[in-house]
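Given the structure is predicted, the values throughout are model-derived calculations rather than measurements. Just so you know, these numbers use all the heavy atoms, side chains as well, and skip hydrogens, waters and symmetry mates. Every chain is numbered from 1, with letters handed out A, B, ... down the list of sequences.
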Protein chains: 2
Amino acid sequence: MSLAHAILGLLQQKERTGYDLKTDCFDQCIAHLWTADQAQIYRTLDKLVEQGLITCTIEIQRDRPNRKVYHVTAAGNAELTRWLQGSHPLPTIRDPLLVQLFFADQLPNEAVIHLLEQQLAARCERLAECSSIELPALGDVSASRQQVMQRLALELVMQREQTYIDWLKTAIAAIASPMTQPIEQS
Amino acid sequence: MSLAHAILGLLQQKERTGYDLKTDCFDQCIAHLWTADQAQIYRTLDKLVEQGLITCTIEIQRDRPNRKVYHVTAAGNAELTRWLQGSHPLPTIRDPLLVQLFFADQLPNEAVIHLLEQQLAARCERLAECSSIELPALGDVSASRQQVMQRLALELVMQREQTYIDWLKTAIAAIASPMTQPIEQS
DNA sequence: TGCTACTATATGACTAGTCACATATAAGAG
DNA sequence: CTCTTATATGTGACTAGTCATATAGTAGCA
């Protein structure tokens, strides 16, 4: 399970609470690689403690709710290293838009194009979000090894969106072309 | 839920059994857009019957198990048309490889490159599978409207793989480059 | 005779992820 | 004085999807 290992990786960087993980990591940098629900984070932390891969110290705070700070154990470190080197099944992408398109021949052109243009806007927005993430460029000599890795990951996410955007444009053109008109009842 | 609507679309093309859906559709043409487990197909069919979107006639066979043949109802048709025009949330991609890469700075270069090359092989294989699907090319004048739509969908899936492959090659080059060496203890 | 494969449907148990809600305290805005 | 926001953890109920297994008849193979 990748979420558990992502959490292990993040806790290895630095001890954190469930709240930290959510707000500093899964809502920020990792968001484009792996989104995670708050409920799932807390439940995964419980599971990792059960498995002995992390431990937890309770930090009592006067003015705020107590924090449960999690640390990776030696077993956790070993497990992460093992997982990082293993190979994992390719994720399956299930894109409703492609299902829509697959059955779209019964829709009028305007409806199909409307769908594609909506998607185009959404994808452009996503790409813009990714672009706004600050990380040294690939050729940057001052970049740390970690930054290079993170940059590479971000680069794929962005190229993925770019490919989608390019495809949407050609799809819109293809459908608008006279060859793809629905059969007319003359 | 897209699976239900994909099934509606397939049943609209032609009446089918659960078995047909699995072996003729979800294991064939749609496989690259939407994979579905046999158990899930049967359960979704039950749900669609409950909702009155499809009906079922039992076909008694002497030499083989009886077939439950499903047909789309008027309500089902209406629901499909409605769904095809609506907009749906962008699917979230959760790719273990990107999580691995994100935390890969603690691995030696050879290990990271090994991961990427494995992935490269897997992605090339997938692309080859997609290429082997027979469907008229985009410019083909003899293609039906339905075939154009299906071709477009396939085209995105293939371009997605191609993007991944290109990215993997640049990632491998970037990591192998002297700038990305792990810090040496001299 | 036993093994495998094909056709066909179905269920139980599970994992992963989502949504809504509950609890509790403090700070700041209006 | 109430409303919202931030900090912080937790639970219940749900959807979607996966895996294994059961049932049951036919057919072909060795």
A.B. asks: Nearest to the side chain of B:Lys68, which nucleotide is it out of C:dA10, C:dC6, D:dT7?
C.D. replies: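 So the nucleotide nearest the side chain must be C:dA10.
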A.B. asks: Can you tell me the distance, in whole Å, between the NZ atom of B:Lys22 and the P atom of D:dC19?
C.D. replies: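 One finds 11 Å between P of D:dC19 and NZ of B:Lys22, rounded.
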A.B. asks: How would you list, by chain and number, every residue that makes a side-chain contact (heavy atoms from CB on, under 4.5 Å) with B:Ala173, sequence neighbours excluded?
C.D. replies: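 Residues passing side-chain contact (heavy atoms from CB on, under 4.5 Å) with B:Ala173: none at all.
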A.B. asks: Rounded to the Å, how far apart are B:Glu50 CD and C:dA10 P?
C.D. replies: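 In whole Å, C:dA10 P and B:Glu50 CD are 13 Å from each other.
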A.B. asks: I'd like to know if the side chain of B:Gln106 pairs up with that of A:Gln12 as donor and acceptor (distance under 3.5 Å, no hydrogens or angles considered).
C.D. replies: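 The answer is yes; a qualifying pair exists.
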A.B. asks: Rounded to whole angstroms, how far apart are CG on B:Asp27 and P on C:dT7?
C.D. replies: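 It works out to 11 Å between those atoms.
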A.B. asks: Can you tell me the distance, in whole Å, between the NZ atom of B:Lys47 and the P atom of C:dA10?
C.D. replies: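 Between P of C:dA10 and NZ of B:Lys47: 16 Å.
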A.B. asks: Roughly how many Å is it from CG in B:Asn66 to P in C:dA10, rounded to a whole number?
C.D. replies: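 It is 11 Å, rounded to the nearest whole Å.
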A.B. asks: Looking only at side-chain atoms of B:Tyr70, point me to the closest of C:dA10, C:dA8, D:dG10.
C.D. replies: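 The answer is C:dA10.
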A.B. asks: What nucleic acid atoms does B:Thr17 come within less than 4.0 Å of, heavy atoms only: base, sugar-phosphate, or nothing?
C.D. replies: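 Since only primed, P, OP1 and OP2 atoms lie under 4.0 Å of B:Thr17, the category is sugar-phosphate.
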A.B. asks: Could you give the CG-to-P distance, from B:Asp46 to C:dG12, as a whole number of Å?
C.D. replies: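 The answer, rounded to whole Å, is 12 Å.
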A.B. asks: Under 4.0 Å: is that the gap between some side-chain N or O of B:Tyr19 and OP1 or OP2 of C:dT7?
C.D. replies: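 So the side chain of B:Tyr19 is within the cut-off, an N or O lying under 4.0 Å from OP1 or OP2 of C:dT7.
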A.B. asks: What's the shortest heavy-atom distance between A:Gln147 and A:Ser142, and which atoms?
C.D. replies: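 It is OE1-O, 4.3 Å.
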A.B. asks: Would you indicate, yes or no, if C:dA10 has its OP1 or OP2 atom less than 4.0 angstrom from a side-chain nitrogen or oxygen of B:Tyr42?
C.D. replies: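 Result: no.
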A.B. asks: Tell me the interatomic distance from B:Arg67, atom CZ, to D:dT26, atom P, rounded to whole angstroms.
C.D. replies: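 Nearest whole value for this atom pair: 17 Å.
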A.B. asks: Looking just at side-chain N and O atoms, do B:His114 and B:Gln118 make a donor-acceptor pair shorter than 3.5 Å?
C.D. replies: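 Present: a donor and an acceptor within the cut-off.
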A.B. asks: Rounded to the nearest angstrom, tell me the gap between atom CD1 in B:Ile60 and atom P in C:dT9.
C.D. replies: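 Spelled out: CD1 on B:Ile60 to P on C:dT9 is 13 Å.
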A.B. asks: Any side-chain donor-acceptor pair under 3.5 Å between B:Asp20 and B:Tyr70?
C.D. replies: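 No, B:Tyr70 and B:Asp20 have no side-chain donor paired with an acceptor closer than 3.5 Å.
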A.B. asks: For A:Gln146, I'd like to know if atom CD has over 12 heavy atoms of other residues, nucleotides or ligands within 6.0 Å.
C.D. replies: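 Check passes, neighbour count above 12.
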A.B. asks: Encode nucleotides 17-27 of chain C as B, S and - characters from 5' to 3', where the letter depends on protein heavy atoms closer than 4.0 Å: B to the base, S only to sugar-phosphate, - to neither.
C.D. replies: BBB----B-S-
A.B. asks: Hydrophobic clusters here meaning ILVMFWY residues chained together by side-chain heavy-atom distances under 4.5 Å, can you tell me if A:Leu11 and A:Val69 are in one?
C.D. replies: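 A:Leu11 does not cluster with A:Val69.
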